[in-house]
Chemist: 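This is the structure I want to talk about, given as structure tokens.
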Number of protein chains: 2
Amino acid sequence: MSGHESAVARLRSEGYRMTPQRLSVLDIVANRPGHIGADEVWNLAKEQHPYVDLATIYRTLQLLKRLGVVTEVVIGNKLHFELADHQTRHNHMVCSECYSVQTLSPAYLAEFSQRLQGEFGFTPDLDNITIGGVCSICHPPG
Amino acid sequence: MSGHESAVARLRSEGYRMTPQRLSVLDIVANRPGHIGADEVWNLAKEQHPYVDLATIYRTLQLLKRLGVVTEVVIGNKLHFELADHQTRHNHMVCSECYSVQTLSPAYLAEFSQRLQGEFGFTPDLDNITIGGVCSICHPPG
DNA sequence: ACCGTTGTTGCATGGATTTGCGATAAACAA
DNA sequence: TTGTTTATCGCAAATCCATGCAACAACGGT
């Protein structure tokens with residue numbers, strides 16, 4: 001339904017097996033506009049596979065993250081995930097006081113990333129960087 | 001002994017109480033060159049205060065982090081801490097494969113930070129940003 | 001359609017960190 | 001010093017996420 005067919009092919013081509021549990025997680029994340037917590041993925045997944053275990057959800061999300069299919073957003077002490085759409089790539093700025101989330105064009109990090117790559121040979125995992133801080137409402141200037 | 005006297009004054013002036021447990025944590029982090037894990041802080045703290053609880057260690061470290069006295073480094077799935085010395089400020093690049101840690105001058109993030117501040121009013125918590133990625137050894141070019 | 005290989009799952013458990021709560025002890029005034 | 005206030009602590013329980021293992025099932029070959 002929602003553009004994750006390529007992700008399925010991706011899994012298969014890398015030697016991973018396509019299980020109903022994985023398909024379900026993929027569907028759920030793909031159909032959710034914005035990010036979603038692991039527990040919420042679990043609740044939705046149980047509607048179709050009542051026996052599915054939370055550990056499977058976590059393992060699947062980590063797998064999809066490693067493959068670049070989903071990206072991770074750190075909100076407070078919880079992890080959220082969203083489909084990695086190369087058309088609408090973005091980073092997240094999370095306020096540590098009100099936990100509001102703003103999105104950010106990856107262009108802001110491009111130069112920084114290239115310098116780390118060029119000067120240190122370090123390849124930052126840009127897609128999964130969450131920038132913590134304080135938003136303008138919680139910490140107004142002056 | 002090691003320059004954390006100002007931190008003690010800092011706590012007092014903000015209305016926090018100075019307890020032996022907090023002093024101990026402060027001493028331990030201040031005397032450790034480089035970062036140290038919460039569990040290791042606990043083990044060392046127990047030598048002087050056998051009844052100190054791990055929860056107190058965590059609460060103290062989070063408090064010191066909020067006050068800017070220590071900075072946090074995310075290594076794998078564990079948190080490490082180190083004294084925030086304004087003379088030797090630095091960020092950390094952590095390899096997600098071998099967990100090696102490289103330090104980075106905050107100058108690399110300065111321009112980025114200023115843009116977020118200026119364009120979004122978002123004040124990133126630069127001191128506590130850990131940059132995840134893959135180091136040059138684990139992921140050589142070519 | 002069946003079989004065998006081996007990646008995956010569910011379950012149970014463990015690790016790291018946080019939180020609620022009653023008891024304790026810093027801080028400060030008298 | 002003593003008393004009062006209330007931040008902090010120790011303890012226990014909870015939360016979030018990761019992992020070991022035996023049973024299971026996806027997939028390619030027959």
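Residue numbering restarts at 1 for every chain, and letters A, B, ... go by the order of the sequence lines.
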Chemist: Please list, chain by chain and in numerical order, all residues satisfying salt bridge (Lys or Arg N to Asp or Glu O under 4.0 Å) with E40(B), sequence neighbours excluded.
Modeler: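 By the salt bridge (Lys or Arg N to Asp or Glu O under 4.0 Å) rule, E40(B) matches R32(B).
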Chemist: F122(A): which other cluster members, linking ILVMFWY side chains closer than 4.5 Å, directly or transitively?
Modeler: M93(A), L104(A), Y108(A), L109(A), F112(A), L116(A), F120(A), L126(A), I129(A), I131(A), M93(B), L104(B), Y108(B), L109(B), F112(B), L116(B), F120(B), F122(B), L126(B), I129(B), I131(B)
Chemist: The criterion is salt bridge (Lys or Arg N to Asp or Glu O under 4.0 Å); which residues satisfy it with D39(A), sequence neighbours excluded?
Modeler: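 D39(A): salt bridge (Lys or Arg N to Asp or Glu O under 4.0 Å) contacts with K78(A).
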Chemist: Provide the full list of side-chain hydrogen bond (donor to acceptor under 3.5 Å, both in side chains) pairs with a residue in residues 90-102 of chain A, sequence neighbours left out, each pair given once.
Modeler: E82(A)-H90(A), E82(A)-H92(A), H90(A)-H92(A)
Chemist: Taking all non-hydrogen atoms of both residues, which atom of T71(B) and which atom of N128(B) are closest, and how far apart?
Modeler: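 In this case the closest contact between T71(B) and N128(B) is CA-OD1, 3.2 Å.
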Chemist: Checking R59(B) now: which residues fulfil salt bridge (Lys or Arg N to Asp or Glu O under 4.0 Å) with it, not counting sequence neighbours?
Modeler: none
Chemist: Check every nucleotide of DNA chain D for an atom under 4.0 Å from a heavy-atom of chain A, then give the first and the last such nucleotide from 5' to 3'.
Modeler: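 Nucleotide range with atoms under 4.0 Å of chain A: dC16(D) to dG28(D).
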Chemist: Are any of the side-chain heavy atoms of L64(B) and V25(B) separated by less than 4.5 Å?
Modeler: yes
Chemist: Please round to 10 degrees the angle between the axis of the first five pairs and the axis of the last five pairs in the helix from dA1(C)-dT30(D) to dA30(C)-dT1(D).
Modeler: 30°
Chemist: Just wondering, do R17(A) and R12(A) contact through their side chains at under 4.5 Å, heavy atoms?
Modeler: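 Contact flag for R12(A)/R17(A) side chains = no.
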Chemist: Given atom CD1 of I57(A) and atom P of dT9(C), what is their separation to the nearest angstrom?
Modeler: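 Nearest whole value for this atom pair: 9 Å.
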Chemist: Got V74(B) and V94(B) here, is their nearest side-chain heavy-atom distance under 4.5 Å?
Modeler: no
Chemist: Can you sort out which residues in residues 32-44 of chain A have a heavy atom within less than 4.0 Å of DNA chain C? Ascending by number, please.
Modeler: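 Contacts with DNA chain C under 4.0 Å: none.
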Chemist: Given that L54(B) and H49(A) both sit by DNA chain C, which one's nearest nucleotide is further toward the 5' end?
Modeler: H49(A)
Chemist: Just the atom pairs and distances: protein N or O near nucleotides 20-24 of chain C's N or O, under 3.5 Å.
Modeler:
| residue | atom | partner | partner atom | Å |
| --- | --- | --- | --- | --- |
| dG20(C) | O6 | R59(B) | NH1 | 3.1 |

Chemist: Using heavy atoms and a sub-4.0 Å distance, could you list which residues of residues 18-26 of chain A are near DNA chain C? By number, please.
Modeler: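 T19(A), Q21(A), R22(A) - these, ordered by number, are the residues of the stretch whose heavy atoms sit under 4.0 Å from the strand.
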Chemist: Are side-chain heavy atoms of V8(B) and L26(B) found at a separation under 4.5 Å?
Modeler: yes
Chemist: Write out all pairs satisfying salt bridge (Lys or Arg N to Asp or Glu O under 4.0 Å) with one or both partners inside residues 102-116 of chain A, taking only residues at least two apart or from two chains.
Modeler: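 As it turns out, the salt bridge (Lys or Arg N to Asp or Glu O under 4.0 Å) pairs with a partner in residues 102-116 of chain A, which skip direct neighbours, are R115(A)-E119(A).
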Chemist: Check residues 45-57 of chain B and write down every donor-acceptor pair under 3.5 Å in which the side-chain atom is one partner and the other belongs to a residue at least two apart or another chain.
Modeler:
| residue | atom | partner | partner atom | Å |
| --- | --- | --- | --- | --- |
| D53(B) | OD2 | A55(B) | N | 2.8 |

Chemist: Would you say that L61(A) contacts V29(A) through its side chain, given a criterion of any heavy-atom pair below 4.5 Å between the two side chains?
Modeler: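 With C-beta onward as the side chain, the pair touches.
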